[in-house]
Amino acid sequence: MAPSFPESEALFNFVVREGNGVKGMVDLGLPTVPRQYIQPPEERIDKLKSTLNDNPPIDLSKLDGPDHNQVVEALAKAAETLGFFQVVNHGVRIELLESLKAAAHSFFSQPPEKKAVYLKGVSPSPLVKYGTSFAPEKEKALEWKDYVSMVYSNDAEALEFWPKECKDVALEYLRTSVNMVRKVLEILIEKLGVKLDDAEIEALIGLKMVNINFYPTCPNPELTVGVGRHSDMGTLTVLLQDEIGGLYVKVEETIDGKKKGDWMEIPPVPGALVINVGDTLQILSNGKYKSAEHRVRTTSAKSRVSIPIFTIPKPTVKIGPLPQTVDKDGVALYREVVFGDYMNNFFGNAHEGKKSLEFARIN
C-alpha cells in the first residue's frame with residue numbers, strides 16, 4: 001500500500017527532522033508528489049519554454065598557447081553576459097569525476113539512519129551537514145533534493161570527518177578544481193584592470209565547500225523543482241553534472257539570439273565542468289560580472305546527482321566593489337559588507353532569485 005502523510009507535520013518530521021529525506025519518501029513507493037512539494041505555477045520549469053545552451057565549452061588548455069587571448073575574451077564575455085560557462089581540459093581527471101558520481105550514489109543509497117548521523121544539530125562535526133531542500137522551515141514549497149555539505153578546513157580534518165563513502169574522491173576533486181578556480185579568477189579580476197596578489201585572491205576563495213546533491217526520481221517532475229531560483233553567494237562555483245542534466249540558467253542580457261529573462265537549459269557535456277559567477281564576484285566587479293541565477297528540474301526517469309564546489313570568502317573578509325571599478329563606473333552599486341553577514345542573510349532566507357544581492361545593493 002502506498003504511504004500517505006495525512007498531516008503535513010508528519011511529512012515534515014519524516015523527511016526533514018528524522019532525516020529520511022526525499023529519497024526515504026520516494027522509497028516508500030510514492031504514487032504522486034505530496035502537496036508540500038507542489039510549486040506555484042510560476043516557479044515550475046517548463047522544458048518546452050526554455051532555450052538550449054549552444055555555447056561550446058571553453059578549452060582551458062589553450063590558455064598556455066597562442067590562443068591565450070581568445071580564451072581570456074571568451075571567459076570574460078561569458079562572465080559579463082550569462083554568468084556561467086562550461087570548461088574542458090580543466091586539469092581534473094575524467095576518471096576522478098566518474099568515481100565521484102559513483103561515490104555520490106553510494107552515499108545516498110545507504111539506509112536513512114546512516115545518513116541521519118550528519119543531520120544538523122547531531123552531526124559529529126560542524127564541517128559536515130546532511131539535509132534536504134534549502135531552508136525547509138522558510139519555504140512555501142519544498143525542494144525535491146537531499147544533500148550532504150562538506151566544509152573544507154584542511155586535508156586532515158576532511159579525511160577525519162567527511163563521510164567515508166566519498167571523502168577521498170571529494171577531497172581530490174576539491175584540490176584539483178581549486179587550482180583551476182584560482183587561474184580563472186585571476187584572469188577575470190585582471191580583465192577589470194585590477195591586479196590582486198596571491199593573499200588577496202586567497203581571501204576571496206578562502207572558504208571552500210563541496211556539496212553532493214541527490215535528486216531522487218519524481219512521479220510528477222512538472223510540478224516540482226529540484227532547486228528553486230537562486231544565485232550562489234560566493235566567488236566562483238564549479239559544478240559536476242551527471243549525464244541526466246536538468247540545470248537551467250536565466251539569461252541576464254539579450255545576446256546571440258537569447259532574450260533577457262529566458263531560461264536556458266545547460267545540457268551536460270561529457271568531461272566538462274560548469275563554472276558560474278557568484279554574488280561576491282558580481283559585487284567586486286561593481287555589476288560587470290553577473291552572478292548566474294539558476295535552478296534545477298527534477299526527472300521521473302532516473303535519480304540524478306550534481307556536485308558543486310563553492311569557493312567563497314572567509315566570513316571575516318570584507319567585500320565591496322574594487323576601487324578601480326568604481327573609478328571607471330563613477331558610482332558604486334554595492335556597499336562594503338562583512339562576508340559573514342552576507343552569508344547569514346543568504347542562509348536565513350528561502351531561495352528567491354537574486355534577492356540575496358539586495359543585502360549589499362546601494363539603492
Side-chain angles (χ1 to χ4, degrees), residues 10-28 36-37 99-139 142-175 177 207-217 226-228 230 232-234 237-240 242 296 298 303-312 315 343-344 346-348 350-351:
L11 178 132
F12 197 87
N13 281 336
F14 179 82
V15 174
V16 180
R17 297 200 179 103
E18 293 163 20
N20 289 289
V22 177
K23 184 175 188 300
M25 186 172 62
V26 169
D27 287 347
L28 293 174
Q36 293 87 332
Y37 286 89
S99 17
L100 190 54
K101 289 185 263 190
H105 282 286
S106 148
F107 177 83
F108 283 99
S109 63
Q110 299 181 97
E113 61 276 12
K114 285 270 173 54
K115 295 174 285 192
V117 297
Y118 297 110
L119 275 171
K120 189 178 178 178
V122 297
S123 179
S125 163
L127 302 177
V128 184
K129 184 180 128 193
Y130 159 76
T132 188
S133 203
F134 176 70
E137 284 80 7
K138 301 268 174 76
E139 289 160 342
L142 297 167
E143 298 177 341
W144 196 264
K145 170 192 88 168
D146 299 332
Y147 69 89
V148 62
S149 175
M150 299 170 282
V151 175
Y152 177 79
S153 48
N154 57 53
D155 287 9
E157 288 192 338
L159 292 169
E160 184 178 353
F161 295 113
W162 289 9
K164 66 175 190 313
E165 295 72 20
C166 54
K167 64 184 178 187
D168 294 308
V169 278
L171 187 54
E172 192 186 335
Y173 171 51
L174 175 75
R175 272 204 215 109
S177 297
L207 190 56
K208 300 164 191 78
M209 285 156 65
V210 183
N211 275 24
I212 299 181
N213 297 325
F214 185 79
Y215 306 96
T217 49
V227 181
H230 71 291
D232 295 339
M233 63 176 176
T237 301
V238 178
L239 174 76
L240 169 63
D242 65 13
V296 173
T298 57
S303 293
R304 169 178 182 257
V305 293
S306 72
I307 304 151
I309 295 174
F310 301 103
T311 64
I312 55 186
M343 186 156 62
N344 290 339
F346 183 87
F347 283 121
H351 283 328

Can you tell me if [X] uses its side chain to pair, donor with acceptor, with the backbone of [Y] under 3.5 Å?
{"X": "E172", "Y": "V169", "result": "no"}
{"X": "N20", "Y": "P112", "result": "no"}
{"X": "S123", "Y": "V128", "result": "yes"}
{"X": "T132", "Y": "K145", "result": "yes"}
{"X": "K167", "Y": "L159", "result": "yes"}
{"X": "D232", "Y": "G234", "result": "no"}
{"X": "D146", "Y": "V22", "result": "yes"}
{"X": "K23", "Y": "S109", "result": "no"}

Nearest heavy atoms of [X] and [Y], plus distance in Å:
{"X": "P163", "Y": "Y118", "answer": "CA-OH, 3.5 Å"}
{"X": "E143", "Y": "G226", "answer": "CB-O, 3.4 Å"}
{"X": "F108", "Y": "V148", "answer": "CZ-N, 3.7 Å"}
{"X": "Y147", "Y": "N213", "answer": "CB-OD1, 3.4 Å"}
{"X": "H230", "Y": "V227", "answer": "CE1-CG1, 3.3 Å"}
{"X": "A104", "Y": "I307", "answer": "CB-CD1, 4.2 Å"}

[X] [atom1] to [Y] [atom2] distance, which is reported to the nearest 0.5 Å:
{"X": "S125", "Y": "E160", "atom1": "OG", "atom2": "CD", "value": "8.0 Å"}
{"X": "L171", "Y": "D155", "atom1": "CG", "atom2": "CG", "value": "4.5 Å"}
{"X": "T237", "Y": "M209", "atom1": "OG1", "atom2": "CE", "value": "9.5 Å"}

For a 4.5 angstrom cut-off between non-hydrogen side-chain atoms, does [X] reach [Y]?
{"X": "T298", "Y": "R304", "value": "no"}
{"X": "M233", "Y": "F347", "value": "yes"}
{"X": "V151", "Y": "P126", "value": "no"}
{"X": "F107", "Y": "I212", "value": "no"}
{"X": "V305", "Y": "H105", "value": "yes"}
{"X": "D242", "Y": "Y215", "value": "no"}

- Query: Should M25 and W144 be marked as a side-chain contact (heavy atoms from CB on, under 4.5 Å) after you check the CA-CA gap, both sets of side-chain angles, and the distance that decides it?
  - Reply: CA-CA 11 Å; M25 186 172 62; W144 196 264; 3.8 Å; yes
- Steps toward side-chain contact (heavy atoms from CB on, under 4.5 Å) verdict (Y173, V238): CA-CA 10 Å; Y173 171 51; V238 178; 4.0 Å; yes
- Message: Using side-chain contact (heavy atoms from CB on, under 4.5 Å), reason through C166 and M150 one step at a time and then give a plain yes or no.
- Response: CA-CA 10 Å; C166 54; M150 299 170 282; 4.1 Å; yes
- F214 and K115: CA distance, side-chain angles, deciding distance, side-chain contact (heavy atoms from CB on, under 4.5 Å) verdict: CA-CA 13 Å; F214 185 79; K115 295 174 285 192; over 6 Å; no
- Task: Taking side-chain contact (heavy atoms from CB on, under 4.5 Å) as the test, write out the residues that go with L119, two or more places apart.
- Result: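 Checked L119 against side-chain contact (heavy atoms from CB on, under 4.5 Å); matches are A116, V122, Y130.
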